[in-house]
Amino acid sequence: KLMILLKNRNDFEENCRSHYASGNYIEFPNNLVLDIHYNKHYQKYVDNLNNLLKKGNYEFVIGFEESFGFLIGTTSHDKDAVVAAMLVREMAAFYKNKNKTLIDRLQELYTEFGYYLDTQDSYTFGGNEGRKKIERIMEKARELGTELSQETEEVLDYQTRINGLPKANVLKFLLKDGSWFAIRPSGTEPKIKIYYSILSENEKLAQLKLAEIRECVTNLINETAVLV
């Protein structure tokens, strides 16, 4: 889970650095700091939000997670679709007054920042044998590291408490062009999950890039699973 809070820079150092999973921030003019907090568990996410809002000069901006749960403002502390739906309606009305649709604005963002293609795959391996296959797939991915894909520039292993986060059996592969993909076992199901975030100039090129990376990951999973 991720939450972003805006804070006065003057007391940022004193109050902010010690908070759970903090340490990522962006500075703006006028003594403002955008402080980014990561939290693995939803209940701790809510508790941490409540605690931070009670301390210091924070203004909550947005919270979200990879499953598309969004929380904007402090009216609700539940990351459901209600607040996000209200925000979408507000955005639609705003751009309608400018004779634009949300799709028009999205295309403008793609032109300015690049096309982002986000998707995920999951593979089910049931039973004790399946658990062994998932473990071996993660082991093999760690062994291969940047060799898993020739486009990989760096591998982040979250077993090593990156950014102060709790240990997690997650590997994130950072690609040379700003794209990335991540591999992790599900915490609740007998599955291994792959998350892709592909950056390219347009949708066609992004789909081609996704196919290349997906083939590398699929080969890893299929070849490793057969050997177990």
Side-chain angles (χ1 to χ4, degrees), residues 1-2 21 24 36 38-45 63-70 79-81 110 114-228:
K1 310 300 181 288
L2 171 65
N24 294 273
I36 304 173
Y38 299 89
N39 205 308
K40 185 178 178 183
H41 302 289
Y42 175 60
Q43 189 55 51
K44 289 182 179 179
Y45 161 88
F64 62 91
E65 58 155 351
E66 79 282 356
S67 297
F68 310 114
F70 281 86
K79 55 173 182 52
D80 56 22
Y110 286 152
Y115 185 91
Y116 285 82
L117 174 61
D118 295 299
T119 189
Q120 61 178 276
D121 296 330
S122 64
Y123 299 82
T124 301
F125 298 99
N128 187 53
E129 195 69 22
R131 178 183 58 79
K132 293 179 181 179
K133 289 183 178 182
I134 291 174
E135 290 175 354
R136 180 54 188 149
I137 290 169
M138 293 302 299
E139 290 174 2
K140 186 63 175 177
R142 282 188 169 89
E143 291 172 8
L144 288 172
T146 56
E147 295 180 6
L148 177 54
S149 163
Q150 64 179 6
E151 297 296 322
T152 302
E153 187 170 59
E154 182 181 2
V155 180
L156 303 180
D157 188 344
Y158 286 85
Q159 290 279 37
T160 61
R161 293 185 178 275
I162 293 176
N163 291 329
L165 288 168
K167 287 184 179 181
N169 192 11
V170 179
L171 292 171
K172 186 173 183 179
F173 296 78
L174 307 180
L175 308 187
K176 298 172 183 177
D177 64 356
S179 303
W180 60 266
F181 65 95
I183 306 176
R184 73 168 181 90
S186 169
T188 57
E189 301 173 290
K191 295 180 178 180
I192 190 163
K193 295 188 173 183
I194 321 297
Y195 301 85
Y196 301 93
S197 184
I198 306 300
L199 170 61
S200 193
E201 296 178 16
N202 54 57
E203 182 179 7
K204 182 178 180 180
L205 293 176
Q207 291 287 359
L208 291 172
K209 185 63 172 287
L210 172 63
E212 293 176 5
I213 302 303
R214 182 177 265 160
E215 182 179 9
C216 295
V217 177
T218 301
N219 289 341
L220 163 72
I221 291 173
N222 290 338
E223 293 171 5
T224 305
V226 169
L227 297 174
V228 176

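Just so it is clear, the model here is predicted, and its values are computed rather than measured. Residue indices begin at 1 and follow the sequence shown.
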What side-chain donor-acceptor pairs closer than 3.5 Å can you find for residues 173-180, not counting sequence neighbours?
unit_1	atom_1	unit_2	atom_2	d
Lys176	NZ	Gln150	O	3.4
Asp177	OD1	Ser179	N	3.0
Asp177	OD1	Ser179	OG	3.0
Asp177	OD2	Ser179	OG	3.4
Asp177	OD2	Lys209	NZ	2.5
Ser179	OG	Leu199	N	2.8
Ser179	OG	Leu199	O	3.4

Could you point out which residue of Lys193, Lys191, Arg214 forms a side-chain hydrogen bond (donor to acceptor under 3.5 Å, both in side chains) with Asp121? Arg214
Distance check, rounded to the nearest 0.5 Å: [X] atom [atom1] versus [Y] atom [atom2]?
X: Asp118; Y: Ile198; atom1: CG; atom2: CD1; answer: 8.5 Å
X: Ile137; Y: Asn222; atom1: CD1; atom2: CG; answer: 8.5 Å
X: Thr152; Y: Leu144; atom1: OG1; atom2: CG; answer: 10.0 Å
X: Leu208; Y: Leu117; atom1: CG; atom2: CG; answer: 10.5 Å
X: Lys133; Y: Ile221; atom1: NZ; atom2: CD1; answer: 12.0 Å
X: Lys172; Y: Asp157; atom1: NZ; atom2: CG; answer: 13.5 Å

Does some side-chain heavy atom of [Y] sit less than 4.5 Å from a side-chain heavy atom of [X]?
X: Met138; Y: Leu171; value: yes
X: Asn169; Y: Gln159; value: yes
X: Ile183; Y: Leu220; value: yes
X: Asn128; Y: Arg131; value: yes

For the residue pair Arg184 and Tyr195, would you count it as a cation-pi contact if the rule is NZ or CZ under 6.0 angstrom from the ring centre and within 45 degrees of the ring axis? no
Lys/Arg-Asp/Glu bridge criterion (N-O < 4.0 Å) met for Glu139, Arg142: no
List in chain and number order the residues that pass ring pair (Phe, Tyr, Trp, His ring centres under 6.0 Å) with Tyr115, two or more places apart in sequence or in another chain; answer none if no residue qualifies. Tyr110
If the condition is ring pair (Phe, Tyr, Trp, His ring centres under 6.0 Å), which residues does Tyr116 pass it with, not counting sequence neighbours? none
Tell me the closest heavy-atom pair linking [X] and [Y], and the distance in Å.
X: Gly126; Y: Pro190; value: CA-CB, 4.1 Å
X: Val155; Y: Gly145; value: CG2-C, 3.6 Å
X: Leu205; Y: Ser200; value: CB-OG, 3.1 Å
X: Tyr196; Y: Gln120; value: CD1-CA, 4.3 Å

Show your reasoning for whether side-chain contact (heavy atoms from CB on, under 4.5 Å) applies to Tyr123 and Thr218. CA-CA 10 Å; Tyr123 299 82; Thr218 301; 3.2 Å; yes
Give a yes or no on this: more than 12 heavy atoms of other residues, nucleotides or ligands lie within 6.0 Å of atom CD of Glu143. yes
